[in-house]
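These notes are about the structure you will find just below.
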Amino acid sequence: MRRPSALHLILLPLSAVMVTPLVWMLLVSISTQAESRRFPPGLPSGIEWENYLAAMRDAPLGSWLGNSLVVSVVCVAGNLLLCSLAGYAFARISFIGSKVAFVLMLATLMVPFQIVMLPLLIMMRSLGLVDTLGALIAPNLATAFGVFLMRQFFTTLPRELEEAARIDGASRLRTLLQVLLPLMRPTLATLAVLTFLQTWNDFLWPLIAVQSPDVMTVQLGLQSFQGAHTTNWPKLMAGTVLSQLPVLLVFFFAQRFFVRSVAAAGIK
């Protein structure tokens, strides 16, 4: 058993600070409206499960969760496919302007989204995708960060693996799919989780791109729980807890891939 070190004296208080908002959110979700406004906050007198039932009854929370799930899963699949192909091309295929194209792609990471959201909205409108799930999916099918991440890990793999596969008669695409990508499962899992978290928790772009309640994502739909003059905080927090359960589950089952990915990058 590993003995506690001095570093734990720093990590434990920091962990408590990070967990406090989640605990407060959970406590408010099972409190009454009066208890949620109490300051300083305290433990609720009882468990109000009615808040969760009210959150699902008073709003199409299930539909919003389904929309978020569809958008997130499709974006994850698109990033795994397109970013793998682009990252492999930048890492292994020499073509005219490849370095310039890669630098220009990385430069887009320094451009704030608030600058490009209006041109992006005009593009989506010209394609007829505004107020549809397609407007939320199309801009996130591939990201510059995903291409960069895949390209960096492709460069760490020895070229001898590809040369051996090519000698055996495998095409470049077959080499990528059957030889290289299986070796990069931790990286693929990391990209999948990061893409899922970003897409699931996105609020600004859905706020601009969709208006109909039928195509709202859960983060945008929760805004309807807030009124102009008053807010039912227990119901809002109950909906927030339900919206964060898929994120917590994804991170819980995928955290070991983060460790493997970081360890592999450090060793290489």
Side-chain angles (χ1 to χ4, degrees), residues 21-22 24-26 28-31 33 36 50-79 108 111-146 191-251 254:
L22 297 177
W24 178 83
M25 176 181 67
L26 183 61
V28 172
S29 70
I30 57 176
S31 303
Q33 179 75 338
S36 66
E50 177 63 24
N51 295 329
Y52 289 87
L53 298 177
M56 300 187 67
R57 181 182 62 247
D58 298 344
L61 190 61
S63 176
W64 295 340
L65 289 170
N67 292 337
S68 293
L69 185 62
V70 170
V71 172
S72 299
V73 170
V74 174
C75 289
V76 167
N79 273 265
T108 62
V111 180
F113 178 73
Q114 289 79 1
I115 294 178
V116 301
M117 64 182 182
L118 183 57
L120 187 60
L121 180 62
I122 296 175
M123 292 175 59
M124 294 298 105
R125 186 179 299 276
S126 63
L127 294 173
L129 296 178
V130 173
D131 205 19
T132 66
L133 293 182
L136 307 181
I137 294 173
N140 297 308
L141 284 177
T143 60
F145 173 77
L191 177 60
V193 173
L194 293 178
T195 303
F196 184 89
L197 296 179
Q198 178 184 356
T199 309
W200 183 274
N201 292 321
D202 191 15
F203 176 78
L204 180 58
W205 176 240
L207 179 64
I208 299 171
V210 299
Q211 294 85 33
S212 301
D214 294 339
V215 294
M216 284 183 177
T217 58
V218 65
Q219 306 302 336
L220 182 59
L222 289 175
Q223 186 189 23
S224 63
F225 289 160
Q226 293 183 286
H229 304 287
T230 183
T231 299
N232 190 326
W233 290 108
K235 186 169 68 173
L236 175 61
M237 290 303 166
T240 304
V241 170
L242 294 176
S243 71
Q244 293 304 307
L245 286 179
V247 175
L248 295 176
L249 290 176
V250 168
F251 186 78

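Heads up: numbering here begins at 1 and tracks the sequence. From a predicted model like this one, the values you see are computed outputs, not experimental measurements.
Between P246 and L69, the closest side-chain pair of non-hydrogen atoms is not below 4.5 Å. Taking 4.5 Å as the limit, some side-chain heavy atom of P139 sits within range of a side-chain heavy atom of M124. Between L129 and M123, every side-chain heavy-atom pair lies at or beyond the 4.5 Å cut-off. At a threshold of 4.5 Å between non-hydrogen side-chain atoms, the residues V215 and T132 do not count as touching. For the pair V74 and L141, the minimum side-chain heavy-atom distance is below 4.5 Å. Annotation: side chain of M237 is not in contact with side chain of N51 (no heavy-atom distance under 4.5 Å). Side-chain contact between L26 and L22 is absent, with no heavy-atom pair separated by less than 4.5 Å. Looking at heavy atoms from C-beta onward, M56 lies in side-chain contact with L242 at the 4.5 angstrom threshold.
Put simply, NZ on K235 and OG1 on T240 are 12.0 Å apart, with the number rounded to the nearest 0.5 Å. Taken to the nearest 0.5 Å, the CG atom of N140 stands 9.0 Å off from the CH2 atom of W205. Here F203 contributes atom CZ and L222 contributes atom CG; the two are 9.5 Å apart, rounded to the nearest 0.5 Å. Atom-to-atom distance recorded for M117:CE and L207:CG is 9.0 Å, nearest 0.5 angstrom. In this structure, the separation between CG on D131 and CE on M216 is 8.5 Å, given to the nearest 0.5 Å. Atom CG of L136 sits about 11.0 Å away from atom CD1 of I208, to the nearest 0.5 Å.
Shortest non-hydrogen contact noted between P206 and L220 is O-CD2, 3.4 Å. The heavy-atom pair separating V76 from A192 by the smallest distance is CG2-O, 3.6 Å. When all heavy atoms of A135 and A209 are compared, the closest pair comes out as CB-CB, 4.1 Å. Contact record, V28 with W233: CG1-O, 3.9 Å, taken as the closest heavy-atom pair. When all heavy atoms of T217 and S68 are compared, the closest pair comes out as CB-OG, 3.2 Å.
Within 6.0 Å of CD in Q219 there are more than 12 heavy atoms belonging to other residues, nucleotides or ligands.
The backbone N or O of D214 lies less than 3.5 Å from a partner atom in the side chain of N67, making a donor-acceptor pair. With hydrogens and angles ignored, the 3.5 Å screen pairs no side-chain donor or acceptor of W200 with any backbone N or O of V218.
T143 and N79 share a donor-acceptor pair across their side chains, judged by distance under 3.5 Å alone.
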